[in-house]
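Have a look at the structure below before the remarks.
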Amino acid sequence: MTPMIDPKTLLPAQVQDNSASGLDAAKHKDKKDLVFVNLGPSHPATHGCLRALCALDGETIVAAVTEMGYLHRGFEKDAEVHTFQQVIPYTDRLNYVSAIMNNVGYCKAVEKMLGITIPDRAMVLRVITCELNRIIDHLVCAGANLVDLGALTNFWYAFNAREKVYDILEKLCGARLTSSYTRIGGLSRDTYPAFADEVKAVLKDIRKSVAEITKLVSKNRIFVDRTQGVCVISKEKAVSYGWTGPTLRACGVEYDLRKAEPYYHYEDFKFEVPVGTHGDTYDRIFVRLYEIEESAGIIEQALRKLPKGPVMTDDKRVALPPKQQTYGNIEGLMNHFKIIMHGICPDPGEVYDYTEAANGELGFYIVADGGKNPYRVKCRPPCFMNYAAFHEMIEGGMIADAIANLGSINIIAGELDR
Amino acid sequence: MNNEAMLKTITDKHPRAIKGSAEKFGFLEIRVAREGIAEVVKTLWDDPELAFNVLIDMVSIDYSAYPGWAGERFGLAYLFKSLALGHRVQLKVAVPEDEPVVPTLSGLFSNANWLEREAYDQMGIRFAHHPNLKRILNHHEFVGHPLRKDYPITKRQWLSANESLMDEMEVSLKKKGYE
């Protein structure tokens, strides 16, 4: 945290004025009594690169202004000069804590545009991998958030389990963090033989670590005092800011796209939607911890009903033909050539499609002009809305609470700044 | 409420502002005149049968390179969702190149403030009576609007000075009674 120095707007230096003490000081609000401090942009507590300029009265934040864009790298402009398939690796870098959920969100939007229904096996595998990603996203959020509050042990419990999930993802698609697992029309590859057993084993580890975290913090006096009733946001405010996902549910709004507008047969899975009551930091952390259990339940159900079959559609507009056909007959070769050289070309039109990502509604608005590149891609990052409300939530609170709150609304700068 | 009934309710209240409609992949898209957008959105918000209380997103599009496009250069799509009733709607406004100004929604929805700043930053669409219309994703010294089709993707700019943020801070402090 460096003090803000700007010659243009520098306020008069603080003068030691002993006369304005006690009651007089309470009556008269003078800017000269405030200290201006930057939280971030490059500070470990900002979990990325975010900046909040705070006007402090003692340790209390009187007013705050936020700035973003430090990780802006022009995802939307890049998408316009890449083919529809080439955009997929870029989506990994949006919310890099749960990369597959972005892959799925983007591919689902393009598939909607093309009118493609993916095979059942691909659908169930997308559900399994998405829920695994939701779990690790929540573990990272809760674990790192607790570090901000000084509870370091929980971080290791959360990250040990996360590491094991990444081992599975690595076996599944060859990459750990930025997986690019999906393709337009299905998945890049099928699972490996021991997949179901390993997932079941990792769920056991996850449940154990969540139980340990819950036991450590739920009744811990310091944790409870630091989080309950802190940085509260009302239901109405949260809705007005367009919040979705766990942060909205922590305010007491039972809204989950998997229930409200089910996709990939989520309506056939039995799971609960955890809802908070106060909209404070405590609720935001615990809604996530409870959601991990629900996601684990969904994965178990999905593993039981995982059907056999292909993981890629046979739609010739998007799927490469089998190699025997590419090398064996002219139609297969032409099909291969067309997809590689000319790409996937949806009919001109505009589509908005959305999924329930770990942070809330992840939407993609895609405009196609009939060519191989998207004409325009607009990503709706859920934490953009969360961060828009941040300054309002921390005003009136302490600096340390602002840091705890920043962790609880889970701002992922890759997704926020695109 | 299904899409037809929704369209009828809105058209009955604002016959002059509604320029047309289309159904896109199950979503109702209503084209609205630029001047009437604030009133139409107010109706979406107020009417108990519509009850659109969430502004999901705001999407700005530059159609200048779109094949066979004859309309205005820019388009602005507003996506709404009703939490209570579960339905969605999309409003679309055509924005001309020579005067790219649209009324602000920042008085109705808290997140419109930032979403409009993004549309301004990326596409150069301005919002009348916006409380703080400045760049949000790009650096404050940046020149041009990168998502316009005539902005070359390879173009680089040298940006150096830090932003003080005191312009916003002064306003905020004044509201809280500090002088």
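In what follows, chains carry the letters A, B, and so on, assigned in the order in which the sequence lines appear, proteins first and then strands, with residues in each chain numbered from 1.
In this structure, the portions of A:Val239 lying under 4.5 Å from any heavy atom of chain B include both its backbone and its side chain. The contact between A:Leu416 and chain B is made entirely by backbone atoms, counting heavy-atom distances below 4.5 Å. If you measure heavy-atom distances from A:Tyr352 to chain B, the contacts under 4.5 Å come from both the backbone and the side chain. Interface remark: A:Met68 contributes backbone and side-chain atoms alike to the contact with chain B (heavy atom separation under 4.5 Å). In this structure, chain A has no heavy atom under 4.5 Å from any part of B:Arg117. With a 4.5 angstrom heavy-atom cutoff, A:Ala368 touches chain B only via backbone atoms. Within the 4.5 angstrom heavy-atom criterion, only side-chain atoms of B:Arg88, from C-beta onward, approach chain A. Looking at A:Tyr365, the atoms closer than 4.5 Å to chain B (heavy atoms on both sides) all sit in the side chain, from C-beta outward. The parts of A:Glu76 that come within reach of chain B are both its backbone and its side chain, each placing non-hydrogen atoms under 4.5 angstrom from that chain. Only the side chain of A:Glu395 comes within contact range of chain B, with at least one heavy atom under 4.5 Å from a heavy atom of that chain. Within the 4.5 angstrom heavy-atom criterion, only side-chain atoms of A:Val81, from C-beta onward, approach chain B. The parts of A:Phe384 that come within reach of chain B are both its backbone and its side chain, each placing non-hydrogen atoms under 4.5 angstrom from that chain. Heavy-atom distances place both the backbone and the side chain of A:Asp78 under 4.5 Å from chain B. Heavy atoms closer than 4.5 Å to chain A are found in the side chain of B:Phe27, but not in its backbone. Both the backbone and the side chain of B:Ile61 come within less than 4.5 Å of a heavy atom in chain A. Only the side chain of A:Glu261 comes within contact range of chain B, judged by heavy atoms closer than 4.5 Å. Heavy atoms closer than 4.5 Å to chain B are found in both the backbone and the side chain of A:Pro348. Proximity to chain B (any heavy atom under 4.5 Å) is restricted, for A:Asp57, to the side chain, taken from C-beta onward.
Contact tally against chain B (heavy-atom pairs below 4.5 Å) for A:Asp353, A:Leu71, A:Val62: the top residue is A:Val62. Interface summary for chain B: among A:Ala388, A:Gly69, A:Gly371, the most heavy-atom pairs under 4.5 angstrom belong to A:Ala388.
Side chains of B:Glu72 and B:Tyr63: a donor-acceptor N/O pair is absent below 3.5 angstrom, by distance only. With no hydrogens or angles considered, a side-chain donor-acceptor pair links B:Gln122 and B:Asn138 at under 3.5 Å.
In plain terms, the two heavy atoms of B:Ala77 and B:Lys92 that are nearest each other are CB-CD, 3.8 Å.
Classified by interplanar angle (parallel below 30°, tilted 30° to 60°, perpendicular above 60°), the ring pair B:Phe80/B:Tyr78 is parallel.
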